[in-house]
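Heavy atoms only: backbone and side chains are in, while hydrogens, waters and symmetry mates are out. Numbers here simply count residues along the sequence, with the first being 1. Whatever order the structure lists ligands and atoms in, that order sets their numbers, starting from 1.
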Amino acid sequence: MARGLLRDGHDVTVFDQRSNSQAGGGAVTIWPNGSTVLAQLGVDMDGAGQLLSSVRVLTSRGRRLATLDVTAMANQLGAPVRMVPRRDLLKRLLDGFPSGRIRCNCRAVGVLSTPTGVLVDFEDGSSVEGDLLIGADGLHSIVRQVVGAPGAEPTGWCSWQGLIALSDVVDDKHVAQVIIGKHGNLGLWPAGGSDLQWWFDLPWSNDFIRPQCPIAVIRSHFSGWSDSVDRVLAALTDDHLAPSPYPHFRHPIPRQGQEAMTLLGDAAHTMPPTLAQGTNQALLDTMVLCKALADLSSATNDLPRALRWYEKTRRRRVAAVSRVASLQVAHGESVLRPAALLSDRFHTWGLLLFLRLTSHRRMSAAITRDLATATNTPTCTAGSGL
Ligand SMILES: Cc1cc2nc3c(=O)[nH]c(=O)nc-3n(C[C@H](O)[C@H](O)[C@H](O)COP(=O)(O)OP(=O)(O)OC[C@H]3O[C@@H](n4cnc5c(N)ncnc54)[C@H](O)[C@@H]3O)c2cc1C
């Protein structure tokens, strides 16, 4: 979002509670809807992570349920599908972005609307004022609380997840695998070079107690599902599992922000990782919010109205993605068995249609066209953001 605001001539500063801007964790799937926005933001993704050609879905006994033709989807939607380690994605996003505009160690503890904009108080006693506050502060967003949106609910599942350097586990690095069993599921997704993203999804509840030796628990659930799975399980240790598990949460999608405050990304719509859409949805938020701000005319300059337009434009589509991501089908082999009766073409077509309907295709194409024209004719916009 900060890249987009800077591109459009706004004065933007990012405040983050973390002590540095390095990402840990595993990898994320960037689908064509997210890839298109990254291109609009001038983020060079060439050679990053691993391009995918298909996703195979199997049962724990090796029965094939479906194969999604990701290459066909990428061709139809005009942008690739890739698996990118979070650290690499952040590096690409930061490339060319002025580091002085990022302030780390700034934990927001209070937010207040003022007659001229928004005031944010930080934990260290300092504060800052701006015309606009975009709360992109994730699952436990403080800005979300201030605008009065309800908190996130756990879905009853969690992921044990990470990256491991294992080059010869999968036969084809362009193929991702999801395996679904009776009481859990797993994924093995190549993420570039020798990196392999692994995940194991299991039930989770608020009274969950972390096992002392989690790898033994994971092995007891998933051993014997396939040769590749057994090799990954043999290589994983409790150290690999240390940051896990990641419980899945879902936010009710808020109706709107407040005055000069709005929400973006997980702060607005945390959803379970089932469709691997969270980052992609944050990128779509970015595209629509940048447009809302770019369309502010100097005559009316009605910032709250532009923000409410952004929220309204996103709400229905992101709610649909969140609803589908929250369906429990991906967790149950028996529920998914009828899916094997449908053709692979049908599965691919279904996901393609879903992405088309939820990704603001017309707006996105117009923005891409306008940006291409603007590159030839430089323009300058005035304004400011926080
Ligand atoms: C197990 C798992 C797997 C996933 N896999 C995928 C995938 O394959 N593809 C995909 O698209 N998505 C995936 N997601 C979802 C994705 O990680 C999120 O949707 C994405 O990170 C949201 O980005 P964000 O910037 O909105 O929030 P975050 O990444 O949570 O960033 C929020 C930022 O706000 C900062 N912050 C928080 N509170 C404060 C405060 N009070 N003051 C200052 N700073 C603050 C934090 O330090 C952080 O830097 C997955 C999620 C999980 C849990």
- Query: If you measure from each non-hydrogen atom of Met271 to ligand 1, which part falls under 4.0 Å: side chain, backbone, both or neither?
  - Reply: neither

- Query: atom 19 (O) of ligand 1: which protein heavy atom is closest, and how many Å away?
  - Reply: Asp266 OD1, 2.7 Å

- Tell me, which protein residue and heavy-atom name are nearest atom 25 (O) of ligand 1, and how many Å apart are they? Ala136 O, 4.3 Å

- For atom 46 (C) of ligand 1, the protein heavy atom that lies nearest, with its residue and separation: Asp16 OD1, 3.7 Å

- Please report which non-hydrogen protein atom sits nearest to atom 13 (C) of ligand 1, along with the residue it belongs to and the distance in Å to one decimal place. Val28 CG1, 3.9 Å

- Message: Is there a polar contact, in the sense of an N or O pair closer than 3.5 Å, between Ala108 and ligand 1?
- Response: yes

- Query: Counting only heavy atoms on the protein side, is anything nearer than 4.0 Å to atom 23 (O) of ligand 1?
  - Reply: no

- Query: Taking all atoms of both residues into account, what is the closest heavy-atom pair of Ala282 and Gly265, and its distance?
  - Reply: CB-CA, 3.7 Å

- Message: What protein heavy atom lies closest to atom 44 (N) of ligand 1? Include the residue and the distance to one decimal.
- Response: Gln17 N, 3.0 Å

- Note on the structure: atom 28 (P) of ligand 1 sits nearest the protein heavy atom Gly138 CA, 4.3 Å

- Does ligand 1 have any atom that is closer than 4.0 Å to a heavy atom of Arg86? yes

- Query: Between Trp204 and Pro154, which heavy-atom pair has the shortest distance, and what is it?
  - Reply: CZ3-CB, 3.8 Å

- Within the structure, does Gly278 bring an N/O atom to less than 3.5 angstrom of an N/O atom in ligand 1? yes

- Message: Under the ring pair (Phe, Tyr, Trp, His ring centres under 6.0 Å) definition, can you give me all pairs with a residue in residues 83-134, not counting sequence neighbours?
- Response: Phe15-Phe122

- Query: Do you see a donor-acceptor pair shorter than 3.5 Å between the side chains of His10 and Asp8?
  - Reply: no

- Task: Check the angle between the aromatic planes of Phe249 and His140 and answer parallel, tilted or perpendicular using the 30° and 60° thresholds.
- Result: perpendicular

- Polar-atom distance check: Tyr246 versus ligand 1, any N or O pair below 3.5 Å? no

- Is Thr279 in polar range of ligand 1, meaning some N or O pair under 3.5 Å apart? yes

- Message: Could you tell me if Asn33 and Gln277 have a donor-acceptor pair between their side chains, going purely by distance under 3.5 Å?
- Response: yes

Name every donor-acceptor pair, under 3.5 Å, that has one atom in a side chain of residues 66-76 and the other anywhere in the protein, sequence neighbours excluded.
{"unit_1": "Thr67", "atom_1": "OG1", "unit_2": "Arg64", "atom_2": "NH1", "d": "3.1"}
{"unit_1": "Asp69", "atom_1": "OD1", "unit_2": "Thr71", "atom_2": "N", "d": "3.3"}
{"unit_1": "Asp69", "atom_1": "OD1", "unit_2": "Ala72", "atom_2": "N", "d": "3.0"}
{"unit_1": "Thr71", "atom_1": "OG1", "unit_2": "Ser53", "atom_2": "O", "d": "3.4"}
{"unit_1": "Asn75", "atom_1": "ND2", "unit_2": "Thr71", "atom_2": "O", "d": "3.4"}
{"unit_1": "Gln76", "atom_1": "OE1", "unit_2": "Arg356", "atom_2": "NH2", "d": "2.9"}

- Proximity of Cys106 to ligand 1 by residue part, where a heavy atom lies under 4.0 Å: backbone

- Check: Ala267 N/O within less than 3.5 Å of ligand 1 N/O: no

- atom 8 (O) of ligand 1: nearest protein contact (heavy atom, Å): Thr29 N, 3.0 Å

- Task: Check Gln161 against ligand 1 and report side chain, backbone, both or neither, counting heavy atoms closer than 4.0 Å.
- Result: side chain

- Task: Verify whether one side chain among Gln40 and Arg7 offers a donor that lies under 3.5 Å from an acceptor in the other.
- Result: no

- Query: Quick one: do Lys291 and Asp370 make a salt bridge, cutoff under 4.0 Å?
  - Reply: no

- Task: Among Val118, Leu307, Val12, find the one that has a side-chain contact (heavy atoms from CB on, under 4.5 Å) with Leu132.
- Result: Leu307

- Between Asp11 and Arg101, is the closest basic N to carboxylate O distance under 4.0 Å? yes

- Query: Considering only protein heavy atoms, which is closest to atom 37 (C) of ligand 1, and at what distance to one decimal place?
  - Reply: Asp137 O, 3.2 Å

